[in-house]
Amino acid sequence: MIIIGIIFSLLSIIILYKRIGFIMFGNKVSGRIIGYSNETKNLKGIDTYNYKVEYEYNNKKYVASSLESVQVSRGGIPNKNLNIPVTVCFKKSNMSVVTILEFKQTTILGLFILGIGILLIIFDLL
């Protein structure tokens with residue numbers, strides 16, 4: 001049980017490190033959601049798509065995939081949050097991956113997984 005707790009904790013640290021790193025040490029610009037990319041099929045009939053975001057930096061337009069995603073039932077067509085303006089955080093070293101400042105799901109997921117990991121470690125030590 002302690003190993004599973006450690007794995008959960010490490011996974012959450014990676015998730016939070018990515019998101020917080022983009023927000024704290026990256027650049028922030030205005031952008032908009034233009035579509036979806038990177039379909040992932042889950043076992044329970046749900047497909048997950050990362051948001052595709054367009055933004056401008058130094059008078060040049062970029063299209064990037066975000067850390068955040070939308071889920072739809074298998075065979076469904078995603079249409080959530082299309083064409084809405086967002087604040088994009090990115091690092092100059094990899095401008096094809098961004099995080100969307102207004103969407104907090106990635107942070108909440110990371111904290112939730114960290115909580116589960118810590119609880120599993122504590123219960124195993126008791």
Side-chain angles (χ1 to χ4, degrees):
M1 203 72 137
I2 195 164
I3 292 181
I4 295 171
I6 291 171
I7 291 171
F8 272 45
S9 298
L10 292 175
L11 178 64
S12 69
I13 289 169
I14 292 169
I15 292 170
L16 292 170
Y17 173 78
K18 280 282 249 197
R19 171 133 169 107
I20 293 170
F22 278 119
I23 293 171
M24 303 237 352
F25 304 112
N27 297 324
K28 294 177 182 78
V29 295
S30 295
R32 68 183 178 91
I33 296 173
I34 60 170
Y36 310 95
S37 64
N38 302 336
E39 175 187 13
T40 304
K41 293 187 182 295
N42 295 331
L43 296 175
K44 300 198 180 207
I46 297 175
D47 296 337
T48 303
Y49 296 85
N50 292 75
Y51 289 107
K52 190 176 279 193
V53 181
E54 179 182 68
Y55 65 96
E56 187 173 329
Y57 181 72
N58 287 339
N59 296 321
K60 188 174 178 186
K61 288 195 177 212
Y62 295 91
V63 175
S65 292
S66 75
L67 297 177
E68 293 73 26
S69 60
V70 62
Q71 295 180 342
V72 297
S73 60
R74 179 79 27 93
I77 299 171
N79 61 2
K80 186 176 181 183
N81 298 323
L82 270 178
N83 294 314
I84 65 167
V86 293
T87 304
V88 175
C89 302
F90 66 93
K91 291 186 179 177
K92 290 181 186 177
S93 60
N94 185 5
M95 297 176 79
S96 63
V97 178
V98 299
T99 191
I100 300 172
L101 189 61
E102 291 84 359
F103 296 173
K104 311 281 190 251
Q105 295 94 335
T106 308
T107 304
I108 292 168
L109 175 67
L111 292 173
F112 180 73
I113 294 172
L114 179 63
I116 290 173
I118 290 171
L119 286 174
L120 287 172
I121 292 170
I122 290 171
F123 286 143
D124 195 48
L125 293 176
L126 294 177

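Model, not experiment: these values are computed from the prediction.
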Working to the nearest 0.5 angstrom, can you tell me the gap between [X] [atom1] and [Y] [atom2]?
X: L67; Y: N50; atom1: CG; atom2: CG; value: 8.0 Å
X: L120; Y: L125; atom1: CG; atom2: CG; value: 11.0 Å
X: L101; Y: S66; atom1: CG; atom2: OG; value: 12.5 Å
X: S37; Y: Y49; atom1: OG; atom2: OH; value: 10.5 Å
X: L11; Y: I6; atom1: CG; atom2: CD1; value: 13.5 Å
X: E56; Y: Y62; atom1: CD; atom2: OH; value: 10.0 Å

When you group the ILVMFWY residues by side-chain heavy-atom contacts below 4.5 Å and let the links chain together, are [Y] and [X] in the same group?
X: I13; Y: I118; result: no
X: V97; Y: L16; result: no
X: L10; Y: I2; result: yes
X: V88; Y: L82; result: yes
X: I84; Y: I100; result: yes

Is any side-chain heavy atom of [X] closer than 4.5 Å to a side-chain heavy atom of [Y]?
X: M95; Y: Y57; result: yes
X: N81; Y: V70; result: no
X: I33; Y: F103; result: yes
X: E102; Y: T87; result: yes
X: K92; Y: N27; result: yes

- Does CD1 belonging to I3 count more than 12 external heavy atoms closer than 6.0 Å? no
- Just wondering, are more than 12 heavy atoms of other shown residues or ligands nearer than 6.0 Å to CZ in F8?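 No, the 6.0 Å shell around CZ holds no more than 12 heavy atoms from other groups.
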- Item | Nearest heavy-atom neighbours spanning I46 and Q71 | CG2-CB, 3.8 Å
- Task: Considering non-hydrogen atoms only, spot the tightest contact between K28 and C89 and give its length.
- Result: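 Closest approach of K28 to C89, heavy atoms only: CG-SG, 3.6 Å.
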- Task: Look only at the side chain of Y36 and the backbone of K80, and say whether a donor-acceptor pair between them is shorter than 3.5 Å.
- Result: yes
- Item | Check: F22 ring centre within less than 6.0 Å of F90 ring centre | no
Side-chain atoms of residues 105-114: list all donor-acceptor pairs with protein atoms under 3.5 Å, sequence neighbours left out, distances to 0.1 Å.
residue, atom, partner, partner atom, Å
T106, OG1, E68, OE2, 3.3
T107, OG1, R19, NE, 2.8

- Do S69 and T48 pass the side-chain hydrogen bond (donor to acceptor under 3.5 Å, both in side chains) test, and can you show the C-alpha distance, the side-chain angles, and the key distance before you say yes or no? CA-CA 6 Å; S69 60; T48 303; 5.4 Å; no
